[in-house]
Protein chains: 2
Amino acid sequence: MSKLLREHFEKITALTDQEFDYILSHFTTKKLKKHQFLVQAGDQVKYDYFVVKGLLKASFTNNDGKEHILQFAMEDWWVSDFQAYFNQTEAILDIDCIEAVEVLCLSLTNREKLCSEMHKIEHFFRRKSNFGYIALQSRILSLLNSSAKERYEELLQRSPILFQRVPKTLIASYLGVSRETLSRLSS
Amino acid sequence: MSKLLREHFEKITALTDQEFDYILSHFTTKKLKKHQFLVQAGDQVKYDYFVVKGLLKASFTNNDGKEHILQFAMEDWWVSDFQAYFNQTEAILDIDCIEAVEVLCLSLTNREKLCSEMHKIEHFFRRKSNFGYIALQSRILSLLNSSAKERYEELLQRSPILFQRVPKTLIASYLGVSRETLSRLSS
DNA sequence: AAATTTTTGTGATGTAGATCACGTTAGGAA
DNA sequence: TTCCTAACGTGATCTACATCACAAAAATTT
């Protein structure tokens with residue numbers, strides 16, 4: 001189960017066995033069933049979560065009760081309410097399990113500890129963050145520039161797996177389209 | 001002129017004079033007039049730019065000739081086509097000057113050199129990138145959740161300075177609204 | 001297998017915002 | 001000043017997509 005995490009780190013930086021064991025000792029483990037919440041709006045957000053198994057969504061629900069999905073997370077991805085996590089403020093997002101889930105939990109304290117003790121870990125997280133930034137930029141561009149249909153097709157091409165694991169309603173909410181419109185687009 | 005850069009670094013990490021001088025030696029300087037391009041779509045992107053003076057926009061122009069502004073950058077901000085810069089691919093963005101501009105230029109090589117030589121610089125860039133990620137997430141949320149009018153008002157509240165320095169047409173393009181609609185909203 | 005809940009499709013209608021088309025005003029340049 | 005271009009406002013019309021409403025199918029639970 002920790003193998004996935006090690007491989008994940010080693011995509012960016014090589015680690016000795018001791019180094020990895022040391023890193024791993026800063027994580028805790030958590031298992032959740034389908035429909036359970038990892039974070040709920042209003043919570044304190046103590047952890048960043050590395051997904052070992054399963055599938056989650058991070059979403060914002062507005063006053064009218066409308067839900068917008070900010071991120072899906074599956075194996076090999078990190079998920080949290082980053083705003084709340086990094087700034088130690090109240091969560092504005094809900095993060096809940098679309099499938100049964102296993103995650104590795106990294107507290108902000110442990111993250112900063114690892115980053116300051118091990119330069120290569122700071123390097124790792126810098127690179128991760130850079131990639132994340134680029135991905136979000138391209139999502140913004142897609143929201144500004146593309147029609148609902150184009151966004152649908154882009155996503156289908158980029159993450160076809162998602163369409164097998166997630167109901168269309170949620171895909172719609174991620175794309176910023178109504179469920180009905182999405183249904184018409186895909187037929 | 002380099003004072004701004006030093007202050008910028010020191011918001012996150014303290015530096016000795018020698019450290020800062022060393023850092024600064026990895027930057028070059030560039031001045032541009034209004035309407036000049038720092039980056040054009042198709043270019044190789046050699047630098048990340050720290051804005052010392054002036055105002056720029058980074059935008060994407062689609063096949064129909066429609067321009068979407070991804071980012072404004074003014075004093076104390078960084079701007080580049082990050083996708084192209086980090087991945088060493090062709091620029092897809094145009095970056096051009098809305099006002100006369102002075103920037104400090106950091107090549108990818110020098111950036112990585114500084115990051116690997118000085119742990120505190122790697123730390124600095126990790127934190128910058130984290131903040132950037134959070135800011136983009138909240139922009140995505142605003143695009144998914146808010147109406148044109150709400151987005152307009154959020155921006156007006158968050159960056160009122162922008163409205164004094166940038167024509168409404170460009171604000172509209174940043175918000176993802178037509179010029180005409182924005183005009184009707186603000187009256 | 002029956003009951004319940006979730007997911008999906010599809011018609012009818014409504015609306016925010018786009019697009020087109022002008023005219024006016026304001027800034028820069030010669 | 002005069003010329004020229006960029007910025008801004010505003011009406012008329014159009015359209016992509018939302019919303020409402022209902023039904024069928026699929027998945028989950030008992």
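Since the model is a prediction, treat every value here as computed from it, not as a measurement. Chain A is the first sequence line, chain B the second, and so forth, proteins listed ahead of strands; every chain is numbered from 1.
- Aromatic ring centroids of Phe125(B) and Trp78(B) lie under 6.0 Å apart.
- For residues 36-61 of chain A, the set of pairs meeting the salt bridge (charged side-chain N to carboxylate O under 4.0 Å, His left out) definition, not counting sequence neighbours, comprises Asp48(A)-Arg111(A), Lys57(A)-Glu67(A), Lys57(A)-Asp96(A).
- Atoms CG (Asp64(B)) and P (dA16(D)) sit 13 Å apart, rounded to a whole Å.
- For Tyr174(B) and Phe72(B), the ring centers are positioned less than 6.0 Å apart.
- Side-chain atoms of Arg151(A) and Leu182(A), non-hydrogen and from C-beta on, never get closer than 4.5 Å to each other.
- Ring to ring, Phe163(B) and Tyr152(B) are close: their centroids are under 6.0 angstrom apart.
- Put simply, CG on Leu144(A) is 17 Å from C1' on dA16(D), counting in whole angstrom units.
- Sequence neighbours left out, the pairs with a member in residues 112-128 of chain A that pass salt bridge (charged side-chain N to carboxylate O under 4.0 Å, His left out) are Glu19(A)-Lys120(A), Glu112(A)-Arg126(B), Lys113(A)-Glu117(A), Glu122(A)-Arg126(B), Arg126(A)-Glu112(B), Arg126(A)-Glu122(B).
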Pull out every protein N or O sitting under 3.5 Å from an N or O of nucleotides 4-7 of chain D, one pair per line with the distance.
none

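- For the salt bridge (charged side-chain N to carboxylate O under 4.0 Å, His left out) condition, the pairs that include at least one residue of residues 163-176 of chain A, sequence neighbours left out, are Glu75(A)-Arg165(A), Glu99(A)-Arg165(A).
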Every protein N/O within reach of nucleotides 16-19 of chain C N/O, cut-off under 3.5 Å:
from, atom 1, to, atom 2, distance (Å)
dG17(C), OP1, Ala148(B), N, 2.9
dA18(C), OP1, Ser178(B), N, 3.1
dA18(C), OP2, Ser178(B), N, 3.0
dA18(C), OP2, Ser178(B), OG, 2.9
dA18(C), OP2, Thr181(B), OG1, 2.6
dT19(C), OP1, Lys66(B), NZ, 3.4
dT19(C), O4, Arg184(B), NH2, 3.1

For nucleotides 25-27 of chain D, list the nitrogen or oxygen atoms of the protein found under 3.5 Å from its nitrogen or oxygen atoms, one pair per line.
none

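- Between Glu99(B) atom CD and dG28(C) atom P there is a gap of 11 Å when expressed in whole angstrom units.
- Contact check on Glu7(B) versus Lys11(B) returns no salt bridge, with no Lys/Arg side-chain nitrogen under 4.0 Å from an Asp/Glu carboxylate oxygen.
- The shortest side-chain heavy-atom distance between Ile92(B) and Leu141(A) falls under the 4.5 Å cut-off.
- You'll find the side chain of Arg6(B) stays beyond 4.5 Å of the side chain of Leu24(B), heavy atoms only.
- With rounding to whole Å, Tyr152(B) atom OH is found 11 Å from dC8(D) atom P.
- When the C1' atom of dG27(C) is taken as reference, atom CD1 of Ile98(B) falls 17 Å away, rounded to whole Å.
- Looking at heavy atoms from C-beta onward, Leu93(A) lies out of side-chain contact with Phe82(A) at the 4.5 angstrom threshold.
- Rounded to a whole Å, the CD atom of Gln164(A) is 13 Å from the P atom of dT8(C).
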